[in-house]
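A quick note: this is a predicted structure, and the numbers were derived from the prediction, not measured.
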Amino acid sequence: MIATAADHPEFALRNLQELLDADKRFAASDEQLLHFYEQMLLIRRFEEKAGQLYGLGLIGGFCHLYIGQEAVAIGLQSALDSDVDSVITGYRDHGHMLAYGIDPNVIMAELTGRAAGISKGKGGSMHMFSTEHKFYGGHGIVGAQVSLGGGLAMAHQYRGDGGLCLAYFGDGAANQGQVYETMNMAALWKLPMVFVVENNQYAMGTAVNRSSAETEFYRRGTAFRIPGMEVNGMDVLEVRQAAEIAFKYVREGNGPVLMECNTYRYRGHSMSDPAKYRTREEVQDQRENHDPIERLKKELNTAGLDDAKLKEIDKGIRAVVSAAADFSESSPEPQPGELYTDVLVGEY
């Protein structure tokens, strides 16, 4: 019999999936459950307010909201080591920044193009950045952030700092060539990297089964011997459990992991997208039966937290978001001279 790659003792592509399937949900404490709920609700209320400001003309250009996908960012980033790990993503980036604990004021100010914004008002919705938090964007070129993430992972390996790079991309970007070039090099060099496909089912507006021959994206790393994981991206506890398994594997020097988080965005691709490629009934079904925040709310009710307390939390978060909107509207625009700063790097 001819030996195949699958016969190799180290070639266990399903080992991580089997670990997840054996115990799918993170055993969170009551305090952790509440923290996850507050963080997801902050993203939801922030994005709702961003949508309102866009409608009022206070946010210009493109604006891609994260409503519905909150469990992915919170589940994954809550498991990171913020002292060493890095994150890079595409242009649907507000939720990832909030998940990292970045001040909502400076994020909203960036959305409205104000000098107080995290990128001085020059990046806007799609190009936020914070080296302080090891958050490397916010990238408008579809799939380009993945290869940059490979560079970040290589830097972690070179420095020996024990960190990993979490690189997000969508189901639309999953067919970009640079994604597979990066997978090849990451596997070859055993880079500390987690590739995360946020599969929200529609890319810019085309259903995955119309654009992808292989719709189960977690299988895409097979050719590079990268283990894949299929995760319910609407359940923050399952996402967190998957993160625990994947991050441990990567930190032990085994190389990269490819994780597919199946999720759903309630709004269109961007604020200018009427989303006519799907029915209202489909969206309503997702909201009523699969919403990640409502799912966690039930967990909290079971843990003894009543709806009155949760309403108080919601009220407080709405106040934080309202204050962020007021801050952004009252902040000055960048000075004209800012057009000529941060254009080229003068020294390294």
Side-chain angles (χ1 to χ4, degrees), residues 16-17 19-47 65-82 85-90 92-102 133-135 149 164-171 193-201 217-218 227-251 256-266 286 290-300 302-303 317:
L16 302 186
Q17 186 70 53
L19 284 172
L20 178 62
D21 290 344
D23 187 8
K24 281 210 162 189
R25 308 191 79 219
F26 179 67
S29 66
D30 290 349
E31 290 76 18
Q32 286 175 313
L33 285 174
L34 185 59
H35 184 57
F36 294 161
Y37 179 80
E38 290 171 340
Q39 286 186 303
M40 288 199 293
L41 197 58
L42 174 61
I43 294 174
R44 177 73 57 90
R45 299 300 179 232
F46 183 96
E47 294 290 66
L65 302 181
Y66 203 64
I67 296 173
Q69 300 183 210
E70 298 90 352
V72 178
I74 298 304
L76 290 172
Q77 289 173 229
S78 64
L80 290 175
D81 183 340
S82 60
D85 295 333
S86 58
V87 172
I88 193 165
T89 188
R92 198 180 305 277
D93 56 358
H94 320 156
H96 300 123
M97 296 202 81
L98 290 166
Y100 237 0
I102 298 172
H133 292 85
K134 297 180 178 61
F135 182 87
L164 61 82
C165 176
L166 185 62
Y168 292 99
F169 57 106
D171 48 291
M193 184 172 183
V194 179
F195 297 85
V196 179
V197 185
E198 290 194 87
N199 181 4
N200 62 26
Q201 315 303 320
F217 295 102
Y218 70 97
M229 302 179 74
E230 184 179 25
V231 184
N232 180 2
M234 302 297 273
D235 182 351
V236 69
L237 296 181
E238 183 168 330
V239 177
R240 175 58 188 264
Q241 184 75 341
E244 294 284 332
I245 294 167
F247 294 178
K248 180 177 184 293
Y249 176 89
V250 171
R251 293 192 201 282
V257 171
L258 170 61
M259 185 185 298
E260 177 186 358
C261 292
N262 287 293
T263 183
Y264 196 89
R265 56 172 165 77
Y266 297 161
Q286 289 290 333
H290 304 284
D291 186 82
I293 295 174
E294 289 301 315
R295 181 193 296 265
L296 194 57
K297 186 177 178 180
K298 291 175 183 175
E299 299 266 356
L300 287 166
T302 301
I317 287 172

Side-chain (Glu230) to main-chain (Cys261) donor-acceptor, under 3.5 angstrom: no
Inter-residue atom distance Met40.CE - Leu98.CG, 0.5 Å rounding: 13.5 Å
Exam field: side chain Gln241 to backbone Asp23, donor-acceptor pair closer than 3.5 Å: yes
Separation between CD1 of Ile74 and CD1 of Ile43, rounded to the nearest 0.5 Å: 4.0 Å
Closest non-hydrogen atom pair between Pro256 and Phe195, with its separation: CB-CE1, 3.7 Å
Side-chain touch Met234/Gln286, heavy atoms, less than 4.5 angstrom: yes
Sidechain-backbone polar pair: Glu260 side chain, Phe217 backbone, donor-acceptor under 3.5 Å: yes
Passing candidate, side-chain contact (heavy atoms from CB on, under 4.5 Å) with Cys165, options Val87, Ile88, Val250: Ile88
Shortest non-hydrogen contact from Ala99 toward Gln77: CB-NE2, 3.6 Å
Flag side-chain contact, heavy atom, 4.5 Å: Tyr218 against Val231: no
Spacing of Phe46 atom CZ and His94 atom NE2 [to the nearest 0.5 Å]: 7.0 Å
Pair Arg240 + Glu244, salt bridge at N-O below 4.0 Å: yes
Gap separating the OH atom of Tyr266 from the CG atom of Asp291, nearest 0.5 angstrom: 3.5 Å
For Glu198, side-chain hydrogen bond (donor to acceptor under 3.5 Å, both in side chains) partners two or more places apart: Tyr66, Gln69, His96
Check: Asn200 and Arg92 side chains under 4.5 Å, non-hydrogen atoms: yes
Under 3.5 Å side-chain donor-acceptor pair for Tyr168 and Asp93: no
N-O pairing of Arg25 and Glu299 below 4.0 Å: yes
Side chain proximity check, Val197 to Phe169, heavy atoms < 4.5 angstrom: yes
Backbone of Leu164 reached by a side-chain donor or acceptor of Asp85 within 3.5 Å: yes
Considering all heavy atoms, the nearest Met193-Ala167 contact: CE-CB, 3.7 Å
Residues which pass side-chain contact (heavy atoms from CB on, under 4.5 Å) with Lys134, listed by chain and number, not counting sequence neighbours: Ser86, Tyr136
Residue pairs, two or more places apart or on separate chains, that pass salt bridge (Lys or Arg N to Asp or Glu O under 4.0 Å) and touch residues 68-82: Arg44-Glu70
Residues which pass side-chain contact (heavy atoms from CB on, under 4.5 Å) with Lys24, listed by chain and number, not counting sequence neighbours: Asp21, Glu238
Shortest non-hydrogen contact between Ala243 and Ala79, atoms and distance: CB-CB, 3.8 Å
Nearest heavy atoms of Gly68 and Thr263, plus distance in Å: O-OG1, 3.5 Å
Minimal non-hydrogen separation, Ile317 against Leu42, with atom names: CG2-CA, 3.6 Å
Note, Phe247 side chain near Val194 side chain (heavy atom, < 4.5 Å): yes
Pairwise salt bridge (Lys or Arg N to Asp or Glu O under 4.0 Å) hits with a residue in residues 29-40, at least two apart: none
Aromatic ring pairing Phe135/Tyr100, orientation class (parallel under 30°, perpendicular over 60°, tilted between): perpendicular
side-chain hydrogen bond (donor to acceptor under 3.5 Å, both in side chains) partners for Asn262, two or more places apart: Asn199
Distance (rounded to the nearest 0.5 Å) between Arg45 CZ and Ile67 CD1: 9.0 Å
Rounded distance [0.5 Å steps], CZ in Arg295 versus CG in Leu237: 9.0 Å
